[in-house]
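Please read the structure below before turning to the comments.
Everything numeric here is computed off the predicted structure, so don't read it as measured data.
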Amino acid sequence: VSPLEREHLLGLEPELRGSARREAYPPRRLSRPLVLLMGALRIYVVCCMVLVLVTFVKVLHH
Amino acid sequence: VPVDPSELPWSPTREDRLRARDRARVHRARSARKPVWLLLLLAGPGVLVMLGENDGPSMLSYATTGATYGIGFFIPFIVLTFWMAYIVQEMTVRVGIATRRGHAELIFERFGKLWGGFALVDLLGGNLLTLVTEFVAIRAGCAYFGIPPPVAVGAAVLLVMSALATRRYMTWERSVMALALANLLFIPAALYARPDVAAIGHALASWSPFPGGSRTELLTLVLANVGATVTPWMIFFQQSAVVDKGLTKADLLQGRIDTALGATLAAIVAVAAVVAAAPLFAHHVDVSSFSDGADFATALRPYLGSHGAALIALGMIEAGLVAAMTISTSSAYAVGEVLRVEHSLNLDFSQAGRFYFAALGSTVVAAAVVLIPHAPLLAITLTVNVVATLLMAPALVLLLLLANDRTVMGSLRNTVRQNLFGGIVAITIAVIGAVYGLSLALAQYGARP
């Protein structure tokens, strides 16, 4: 590397280096209201998936 | 005199070198107190995401709105939807800066594999279907100029590949931004319609005249316009782009200005599309059977002239092309983040093969689908609308949870005011999205009881 590039590299904030070297955050501990919210979201998502599938098949058939 | 890389405290990659060069320019601009130059260097993800969302189907929605209701209620309504988009996208800037992680990666880490898997499948599936609709827009726009579909679609794929082949985030971003500025073609197209400036001003100030006629049609267009403004890929794209560009806490103000600028430009273009199509409303032209941009360009030719109509067709091509570039990149970021492999536009193909493969693979598959004779493109377009609007609710909830996560956000977590606005937007979009999705699904049941 050139001296200028070395200077740039040394000035690069450590958190900006690389894109696959970061340590993972620990999983979040969910409070009771959040557990309920996520449960409701799961039900919503399953219903959505069924709706999307049915809509696609219906439109395709139509 | 060359320096031995081993002198450095870590082994730099191409990504590090290019990002270091970009950051050095930012440091110099900041030290020299050049605010405009600093903004020009840091702007990009916000403008791209907002103009990228003014994509083929969105521009069709705005044109349909103008042709169905003219100038009135929808002008201020569209401006409001872009304010909502700003509220959502500003959160992604803060989350990206605070965590240095893309959205998919962060959901996997904080909420586990189930929600991470859902987010990824939602994004990749939705993106692939949306990409198909972008190529439909490109094909239709090119058809107006007599360009055969294989040539139009093939050229678009080559352009997407060329932008990625730069292997440099800044070059990719600037190239796509230059192309995205062609979104502004809808503004001169609107001027060809000789709009009544006083009527536009009156509509903005009074939200009137309120549309009459069928309530179902009105509701569908309200929902379609909201769905055309905030979608899941925008959240994933901007957060990942902020990380890849290397924005830091010191750049938050510029990140916000970038997002606001993008929202403003996109809102102006959306309003211009409504205004450009308004002559069809004034002349009672039925647009219910119109399926693509070429239909609108052809129908508008008597009122806008050949130049105005050509601008509409060109705008449709640009809308599809820019969206194809940004949406395929958002898929690539998500794949790289989740697989925990290198994922940056600053990397070589050999260093980030899976990242580039995801972008190119999704683009080629979508392009191929459009060229298949008798492919169910209408079914795909309708399904895209349903998927995007229905699944926006969980995406927004996850974003709000992340933006309030003290562990990862630190001092950048949502304030009470940001939560209030974010909550209002999330609830509004969730309710509207659910109603839209249900209405589309029920309409299908109604079509074939």
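Residues B:Thr407 and A:Arg28 are not in side-chain contact: their nearest non-hydrogen atoms beyond the backbone lie 4.5 Å or more apart. Between B:Arg110 and A:Pro26, some side-chain heavy-atom pair lies under the 4.5 Å cut-off. The shortest distance between side-chain heavy atoms of A:Met38 and B:Leu398 falls below 4.5 Å. At least one side-chain heavy atom of A:Val45 sits under 4.5 Å from a side-chain heavy atom of B:Trp115.
Contact annotation for B:Val408: both backbone and side-chain heavy atoms come within less than 4.5 Å of a heavy atom of chain A. Contacts of A:Leu4 with chain B are absent, with no heavy-atom separation under 4.5 Å from either backbone or side chain. In this structure, chain A has a heavy atom under 4.5 Å from the side chain of B:Arg28, while its backbone stays farther away. Contacts of B:Phe108 with chain A are absent, with no heavy-atom separation under 4.5 Å from either backbone or side chain. Looking at A:Arg29, neither its backbone nor its side chain comes within 4.5 Å of chain B, counting heavy atoms on both sides.
Contacts with chain A were tallied for B:Ala393, B:Gly336, B:Pro394; B:Pro394 has the most, counting heavy-atom pairs under 4.5 Å. Each of B:Asp122, B:Leu401, B:Asp244 has some count of heavy-atom pairs under 4.5 Å with chain A, and the biggest count is that of B:Leu401. Of the residues considered (B:His27, B:Arg101, B:Glu337), B:Arg101 shows the highest number of contacts with chain A, using heavy-atom pairs under 4.5 Å. Highest contact tally toward chain A, considering only B:Thr248, B:Asp405, B:Asp22, is held by B:Asp405 [criterion: heavy-atom pairs under 4.5 Å].
Taken to the nearest 0.5 Å, the CG atom of A:Leu9 stands 9.0 Å off from the CZ atom of B:Arg21. The distance from the CG atom of B:Leu8 to the CD atom of A:Glu5 is 9.0 Å, given to the nearest 0.5 Å. With rounding to the nearest 0.5 angstrom, the CZ atom of B:Arg100 is 12.5 Å from the CZ atom of A:Arg17. Annotation: the span from B:Phe111 atom CZ to A:Leu41 atom CG amounts to 10.0 Å, rounded to 0.5 Å. The distance from the CD atom of B:Glu15 to the CG atom of A:Leu16 is 9.5 Å, given to the nearest 0.5 Å.
Contact between A:Tyr25 and B:Ala98 at its shortest, heavy atoms only, is OH-O, 4.2 Å.
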